[in-house]
Amino acid sequence: MSTDSTGSNEAPPIKLWGGRFSGDTNALVDAFNASIDFDRRLYREDIAGSIAHARMLASREIISTEDRDAIVAGLEAIRDEIDADEFEFRIDREDIHLNIEAALIERIGDAGRRLHTGRSRNDQVATDTRLFARAACDQILIELRQMRSALLELAEREAETVMPGYTHLQRAQPILLAHHLLAYEAMFARDTERFAQARARVNVSPLGAGALAGVTYPIDREMTAEELGFEGIATNSLDAVSDRDFAVDIHSAAALAMVHLSRLSEEIILWVSAEFRFANLDDAFATGSSIMPQKKNADVAELTRGKSARVIGNLMQSLALLKSQPLAYNKDNQEDKEPLFDTVDTLLISLRVMSAMLPTMTFNARDTAEAAVADFALATDYADYLAKRNVPFREAHEAIGALVARCEAEGRTLEELSLEELQAAHSAFEADALDINLESALAARDVPGGTAPATVAAAREAALARLTAEGSEGSEA
Ligand code: ARG
């Protein structure tokens with residue numbers, strides 16, 4: 001195939017698809033149709049995809065090596081221009097693909113006009129979006145690791161801190177703060193798995209599917225896939241151009257991660273309130289009130305909780321976007337980008353700010369320990385004491401329940417009762433019942449997954465080992 005080296009560099013028509021049109025586009029339609037205001041964010045992905053495509057076309061002798069070189073150099077120059085903020089994005093050129101292609105034609109003439117051989121914007125945009133999504137997964141995975149390591153470090157620092165564990169937000173049984181923090185680490189560990197799985201499904205090349213049915217040139221789909229770092233190629237051209245499941249995967253994993261962040265935020269908001277007084281925020285991570293001089297607000301946690309709403313919304317949007325689309329590509333899919341960008345940005349900043357805030361928090365260990373045993377939080381341990389001396393658990397439960405009611409009426413605690421009073425409640429009580437206390441309650445819960453200090457320390461070590469092992473897997477990949 002010969003290169004048209006005398007090819008004209010005259011300005012490309014405003015609409016690169018305008019051949020069959022004789023009338024102009026309505027200005028409202030131009031504005032409505034254009035995505036350049038947001039999809040310009042994909043310029044690096046778009047240029048990488050085009051360079052891979054041009055190299056493949058030349059290797060299959062569909063274009064000449066001269067044209068390939070002109071295309072690659074032209075695209076690299078355009079990328080530098082955009083990097084330097086010197087590129088003029090034009091709304092009449094609709095989207096990132098046509099903006100770059102038209103600019104390329106202006107620069108290099110006919111070679112630029114050959115770039116779109118054997119390709120459609122439909123496989124092009126799917127490729128760009130997948131490249132973006134893959135990089136997003138990688139960044140999110142890094143931030144999730146940061147969050148997990150912040151939680152593990154805090155669990156180590158606060159290894160001695162005891163607090164009430166809650167059910168129904170009522171004090172239930174004493175736990176270690178570290179145990180509570182490790183519960184969040186477990187959530188973010190599952191988020192890590194979900195994003196790793198989402199990344200694997202993202203990392204498939206749609207390029208070469210053409211508009212919908214494949215293309216008529218002897219292209220090499222494996223070559224472009226490999227050059228772009230994809231694990232394989234999408235095997236059905238209709239699915240390749242219309243599939244946005246990978247975006248739903250990301251929204252779904254992100255929504256759940258945001259829900260985890262939101263739950264943690266909610267706890268922090270409670271803990272730093274005067275009602276709890278369990279924890280304190282560093283000045284660097286708190287804000288004041290414009291009217292009430294005494295206020296120190298947990299805005300970071302509140303905003304994280306609030307932002308989880310928008311990510312959940314984006315998940316709903318992504319599902320609704322797909323639900324009525326017939327095969328294959330429809331312009332509806334242009335609406336996939338803003339929510340995807342928003343979800344990724346929101347999750348990244350939320351993870352970053354929350355994992356930066358956690359190590360700066362301090363805990364009021366004396367208050368939390370006091371709260372840990374208050375409100376009859378050791379009642380289960382008294383019932384267990386009896387059950388371990390062969391009293392049927394239901395009978396023990398009943399006896400301690402009555403004791404609690406009596407103490408409550410008299411304004412006393414279970415620990416204040418004498419052996420005689422205990423024995424009056426149930427004859428199976430013996431002198432060692434007076435040893436039931438916070439330490440014994442914690443130490444007794446040494447089943448796997450329990451809150452006994454040695455068990456929690458081992459769980460923290462195990463979580464750290466998992467995190468480290470995942471890190472070295474990542475660096476091998
Ligand atoms: N801007 C479009 C999008 O975001 C690019 C694909 C357009 N394809 C088409 N056949 N009009 O989906």
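Numbering of ligands and ligand atoms starts at 1, following listing order.
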note = Looking only at protein heavy atoms, what sits closest to atom 11 (N) of ligand 1 is R121 NH2, 3.5 Å
key: For atom 9 (C) of ligand 1, closest protein heavy-atom neighbour   = N122 OD1, 3.4 Å
request  = Can you pull out the closest protein heavy atom to atom 2 (C) of ligand 1? Residue, atom name and distance to 0.1 Å, please.
outcome  = Q334 OE1, 3.3 Å
inquiry  = Just verifying a value: how many Å separate L261 CG and L347 CG, rounded to the nearest 0.5 Å?
reply    = 6.5 Å
task = Compute whether any side-chain donor of one residue and acceptor of the other, for E266 and W271, lie under 3.5 angstrom apart.
result = no
task = Could you verify whether a donor N or O on one side chain and an acceptor N or O on the other, from R148 and S355, lie under 3.5 Å apart?
result = no
query = Has ligand 1 got any nitrogen or oxygen that is less than 3.5 angstrom from a nitrogen or oxygen of E94?
reply = no
task = Starting from atom 12 (O) of ligand 1, locate the nearest protein heavy atom and write down its residue, its atom name and how far away it is, to 0.1 Å.
result = Y329 OH, 2.5 Å
inquiry  = We want to know whether T192 and R145 form a side-chain donor-acceptor pair, criterion being a heavy-atom distance below 3.5 angstrom.
reply    = no
query = Which atoms from ligand 1 have a heavy atom of H97 less than 4.0 Å away?
reply = 5 (C)
ask   = Do R119 and H116 meet the criterion of a side-chain donor-acceptor pair at a distance under 3.5 Å?
value = yes
message = For the residue pair R41 and F341, would you count it as a cation-pi contact if the rule is NZ or CZ under 6.0 angstrom from the ring centre and within 45 degrees of the ring axis?
response = yes
task = Report the residue from I312, L315, N314, L348 that forms a side chain to side chain contact (heavy atoms under 4.5 Å, CB included) with T343.
result = N314
request  = Run the numbers for me: atoms of ligand 1, each under 4.0 Å from some heavy atom of S35, listed by number.
outcome  = 1 (N)
query = How far is atom 5 (C) of ligand 1 from its nearest protein heavy atom, and which residue and atom is that?
reply = D95 OD2, 3.4 Å
key: K337-ligand 1 polar pair, N/O distance under 3.5 Å   = yes
